[in-house]
Amino acid sequence: MKEIPKAYNPKDVEDKIYHKWEESGYFNPDNLKLPKNGDYFSISMPPPNRTGTLHTGHATMLAYQDLMVRFNRLLGKKTLWLPGTDHAAIATQTKVESILYKEEKKTRHDLGKEKFLQKVREFAEESKKTINQQVRKMGSSCDWSRERYTLDEGLTQVVKYTFIKMYDAGLIERDYRIVNWCPRCNSTLSDDEVEYKEVNAKLYTFKYSKDFPFAIATTRPETKLGDTAVAVNPKDKRYKKYIGKTYTVDLGHGKQEIKIVTEDSVDPNFGTGALGVTPAHSIIDYEIAQKNNLPLIKVIGEDGKMTKEAGKNYQDLTVEEARDKFVKWLEKEGLMEKIEDTKQNLSICYRCDSAIEPLPSLQWFVRVNKKVTLAGNKYFQNKTIREVALQVVKERDIKIIPERFEKTYYQWLENLRDWCISRQIWFGHPIPVWYKDKGKKNEEIFVGLEAPKGDWVQDGDTLDTWFSSGLWTFSTLLDKNYKKYKTWEEWLKNSPDMQFHPTSVMETGYDILFFWIARMIIQTTFILGDIPFKTVYLHGLVRDEKGRKMSKSLGNVVDPLDLIEKFGTDALRVAMISGTAAGMDMRLYDEKVEGARNFVNKLWNISRYILSSVSEIKLVEEKPGPKTLADEWILARLEQVTAEITLDLENFNFSGASDALRNFTWSDLADWYLEISKLQRANSKLVENTENILLYILGKLLILWHPFIPFVTEEIWANFGCKDLLMVQSWPISKESEQKEKIEKEILYPFWKFEEIMMTIRNLRADFKVDPAKKVSVSIIGKNLDKIRFEEVKEVIIFLARLDKLEIEKSKPKNSVSHVLEGVGEICLHLEGLVDIKKEKERINSEIKSVSGFIKSLEQKLKNKDFVEKAPKEVVEKEEFKLKEQKEKMEKLEEQLKSLK
RNA sequence: GGGCAAUUAGCUCAGCUGGUUAGAGCGUUGCAUUCACAUUGCAAAGGUCACUGGUUCGAUCCCAGUAUUGCCCACCA
């Protein structure tokens, strides 16, 4: 007898087990013993931002990824899960700025660039430590020896090369365009980094001047100081006569020319139907201006204040001040017609929630609509970035799960504008561009890895953080010692770890489909001429109990570490994976994790029962021969559930796999076979074999559960006294050829037989036979079911009592039960009753009709060559099996019908 | 405005290309329980699969429409 604690206590084992794993070196694929077929499986961990701590989103991704990684490692594949962190330029800088202000009431400018960056680096380093510790807490089996950081030397080198290559190909250019400007972050943002918020606003309707023929409406009067046109719908009769004319107006800051132009998108029913065009401060207006060759007047500056061009009266005022002043002026001049309340969709910065100010600025852009041809690149042959990004998904080089997100992705690509990649942030990858005589007429530009000799000044901006994240799947696999390689091409080609590229799966939340997934596809196809990953699996977002998004202001943020503290990592992992479907949001709350914890404890006690009671603890690797029907049944169920969850896991149906395994473990194994085993072990002829079966099943079960709940399974495994760890055992799957035979002989037969008995007993169902004498007989026969589950047998009686056709009273069911209780070997009940032949005939006939229809449709399906050839084997086999089943059923029904006549 | 999804038990959700009796967890109710496990066992109650039509021998599933909710994108100046 071995002493095992009554309840599983995760706190006692988790850290200890993780240590064991880490020390074993098995996280590193170089240390795995591998079979000949060299299949690999790799995942790049989406690098958490170095902004602080782990949240539920991270916990979710870690649970899913570790599940896949452990499963594939057990399958014997060369498995790599590469961890790392992201510098998250804007997010990290913002965070440090707010800490700095809170603690010292200083801004980054008070400190100066170098000192401030030093602070950010320290903060990022601290965050990394915390995060890595928490990633370990989740049980992640990632290879720490390959850990990377987006600001690593090697990765920085890749970023530079990529920039240069894209610049040389003409895909990156510097241009003066309207950008999204965040006055608080003091930086540009890409279109995807802009969010929207509905706010109450005022809609002002006014005329530019007394002699201007009609009024316009706007929520932002102060920008009208920069208007150069008014756009009307070409079909709008009211304004037809003014189209093409130019008016000179004075808005109190000098003369300005307003031209009347047409634009299809103008809604004649909104406001006055006339749109004041401010080319410098609205992207739409900018596009209208370009079509009509209108000048730009920049009235708002990067600091969020009015510029010189806004006129003396307004210069240096904030936007709000300028608005008040201008509105007062309009009212005084009698130009204001009305002020109404309205709702406005305000654009805000996704990091700091400040209002975005669109304004023209000289920035670096990635051109998405320029056709390029790259030597040796199978994708870029006279194609644009947009076309290639579309192609790889449309042609299924990359598969997205769930599929519906492919459509979302296409839509994003259709609306895609050039990507602004320069940021006026200090923390990040400097842009590898140098200028001579910057801003002067004879300005020279140099794009390269290092500063050229002479009087050159580097671009002060940094790159969008997603520019470096977009390279993540391969930049992390390149040899750290890049100096070893003569050329960039050699580095890409000959780095040993590039054997893991393209990565097998990219697993992440659907919220960064555009931010990240799309960028990786764009950049990787450009640089490597290859895809970054074969499959994208998108999980949903974690919400609170009421389905709300977690947010600090609501105070409903769930800390995964709290849940781990309360229920253990394994429980949290199961809770996150079960009861969800791909891409669907999930709710997380204590009760759910508690349920999972209870299951983990159940598994613990199953093994406690087995391990503490067998005469000898040993690993039984060969399947013991079954001696009873119950043995046959449980072994067959194990095979069946193994096949089922293997298929589920391969098809990314994680929730289905965990449900199936849980049902097998709890209902079949614990509730049935373990009870039966107690009786079998009382029999001296069966005891040894039964114990072997228990040990065999437990061993396999631990492997099957390991990807889901690695800690508890590894801890139980240790009791077997094996040298090697559970995490590197072999997944129990038999060879394909054997599999088919097994299904016929070993799985189906005992499964159905025992299942039938259980069904009969449990679900109050029995096999009916109607004989010519109008009598119904119900019989239940099961060997080796003696003295087991008497409660269940009671149900049979209750069932019979419910069939009012049967003369139940006479058979005294209660006595029958006691009779059965005492009986040994066989349970046999026999009851008789009357049946309505007419109704029975009708029932059978209608059933025959439906079954024959079913058979017909199945036969048709199997005749269809397209289906037989294209559908997966399992599906075709399943259909064939169904046909067989239905034909048998048909025979039975016909027999029944005959017997009624 | 465009798109995507959801609507299944009191609650949270599964349901894998249409097939006998629609499932699970939690909750509720009753009973049991020194024998691996109260983090337990056995059972019960609880569903017109949102609604209306259509296709089919057969629809929770496919098609059309309606209603409600959520999300994404575009954006109203």
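Residue numbering restarts at 1 for every chain, and letters A, B, ... go by the order of the sequence lines. As a basis for the values below, the full set of heavy atoms in this structure was taken, side chains included, without hydrogen atoms, waters or symmetry mates.
- On the C1' atoms, B/rU29 is 7 Å away from B/rA45, given to the nearest whole Å.
- If you take CD1 on A/Ile697 and OH on A/Tyr673, they are separated by 6.0 Å, rounding to the nearest 0.5 Å.
- A ring pair (Phe, Tyr, Trp, His ring centres under 6.0 Å) with A/Phe599 holds for exactly one of A/Phe708, A/Phe567, A/Trp705; it is A/Trp705.
- Listed by chain and residue number, A/Tyr64 satisfy the ring pair (Phe, Tyr, Trp, His ring centres under 6.0 Å) test with A/His539 (two or more places apart in sequence, or in another chain).
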Please produce a list of atom pairs where a protein N or O lies less than 3.5 Å from an N or O of nucleotides 34-37 of chain B.
{"residue": "B/rA36", "atom": "O3'", "partner": "A/Arg608", "partner atom": "NH2", "Å": "3.1"}
{"residue": "B/rA36", "atom": "O2'", "partner": "A/Asn605", "partner atom": "OD1", "Å": "2.7"}
{"residue": "B/rA36", "atom": "O2'", "partner": "A/Arg608", "partner atom": "NE", "Å": "3.0"}
{"residue": "B/rA36", "atom": "O2'", "partner": "A/Arg608", "partner atom": "NH2", "Å": "2.8"}
{"residue": "B/rA36", "atom": "N3", "partner": "A/Asn605", "partner atom": "O", "Å": "3.0"}
{"residue": "B/rC37", "atom": "O4'", "partner": "A/Asn605", "partner atom": "OD1", "Å": "3.0"}
{"residue": "B/rC37", "atom": "O4'", "partner": "A/Asn605", "partner atom": "ND2", "Å": "3.4"}
{"residue": "B/rC37", "atom": "O2", "partner": "A/Lys602", "partner atom": "NZ", "Å": "2.8"}
{"residue": "B/rC37", "atom": "N3", "partner": "A/Lys602", "partner atom": "NZ", "Å": "2.9"}

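- Under the rule for a ring pair (Phe, Tyr, Trp, His ring centres under 6.0 Å), the partners of A/Phe405 that lie at least two apart in sequence or sit in another chain are A/Tyr510.
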Protein-nucleotides 60-62 of chain B N/O pairs closer than 3.5 Å?
none

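- Using cut-offs of 30° and 60° for the angle between ring planes, the A/Tyr537 and A/Phe652 rings count as parallel.
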Exercise. Could you run down nucleotides 71-77 of chain B 5' to 3' and tag each one B, S or - for protein heavy-atom contact under 4.0 Å?
Worked result: -SSBBBB
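- B/rG30 sits 26 Å from B/rA36 when the C1' atoms are compared, rounded to a whole Å.
- The shortest distance between side-chain heavy atoms of A/Arg573 and A/Ile709 does not fall below 4.5 Å.
- Summarising the geometry, the separation between CG on A/Asn663 and C1' on B/rG15 is reported as 13 Å, rounded to the nearest angstrom.
- Rounded to a whole angstrom, the distance from the C1' atom of B/rA24 to that of B/rA14 is 7 Å.
- Among B/rC57, B/rU12, B/rA14, the nucleotide with an atom closest to any side-chain atom of A/Tyr589 is B/rU12.
- Under the Watson-Crick or G-U wobble criterion, with both distances below 3.5 Å, B/rA9 is left unpaired in every strand shown.
- Distance from the side chain of A/Arg404 is smallest for B/rC4 among the nucleotides B/rC4, B/rU12, B/rA6.
- For the pair A/Arg519 and A/Trp419, the cation-pi criterion (under 6.0 Å, within 45° of the ring axis) is fulfilled.
- A donor-acceptor pair shorter than 3.5 Å cannot be found between the side chains of A/Lys197 and A/Asn345.
- Residue A/Met584 is classed as a sugar-phosphate contact, given heavy-atom separations below 4.0 Å to backbone atoms only.
- Note on ring orientation: taking the six-membered ring where Trp is involved, the planes of A/Tyr239 and A/Phe214 are tilted (angle from 30° to 60°).
- Between A/Leu603 atom CG and B/rU40 atom C1' the separation is 15 Å, expressed in whole Å.
- One finds the CD atom of A/Glu715 at 10.0 Å from the CG atom of A/Asn9 (value rounded to the nearest 0.5 Å).
- When rounded to the nearest whole Å, the span between CG of A/Asn653 and P of B/rC16 equals 10 Å.
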Pairs: protein N or O with nucleotides 47-49 of chain B N or O, under 3.5 Å:
none

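- For the residue pair A/Ser607 and A/Tyr8, no side-chain donor N or O sits within less than 3.5 Å of a side-chain acceptor on the partner.
- Considering all non-hydrogen atoms of both residues, A/Ser852 and A/Met890 come closest at CB-CE, 3.7 Å.
- A straight line from CD1 of A/Ile401 to P of B/rC16 spans 15 Å, rounded to a whole angstrom.
- Across the interface with RNA chain B, nearest-nucleotide mapping of A/Lys849 and A/Asn598 shows A/Asn598 to be the residue nearer the 5′ end.
- Put simply, CG on A/Asn845 is 17 Å from P on B/rC57, counting in whole angstrom units.
- Between the side chain of A/Arg386 and the main chain of A/Leu413, a donor-acceptor pair closer than 3.5 Å is present.
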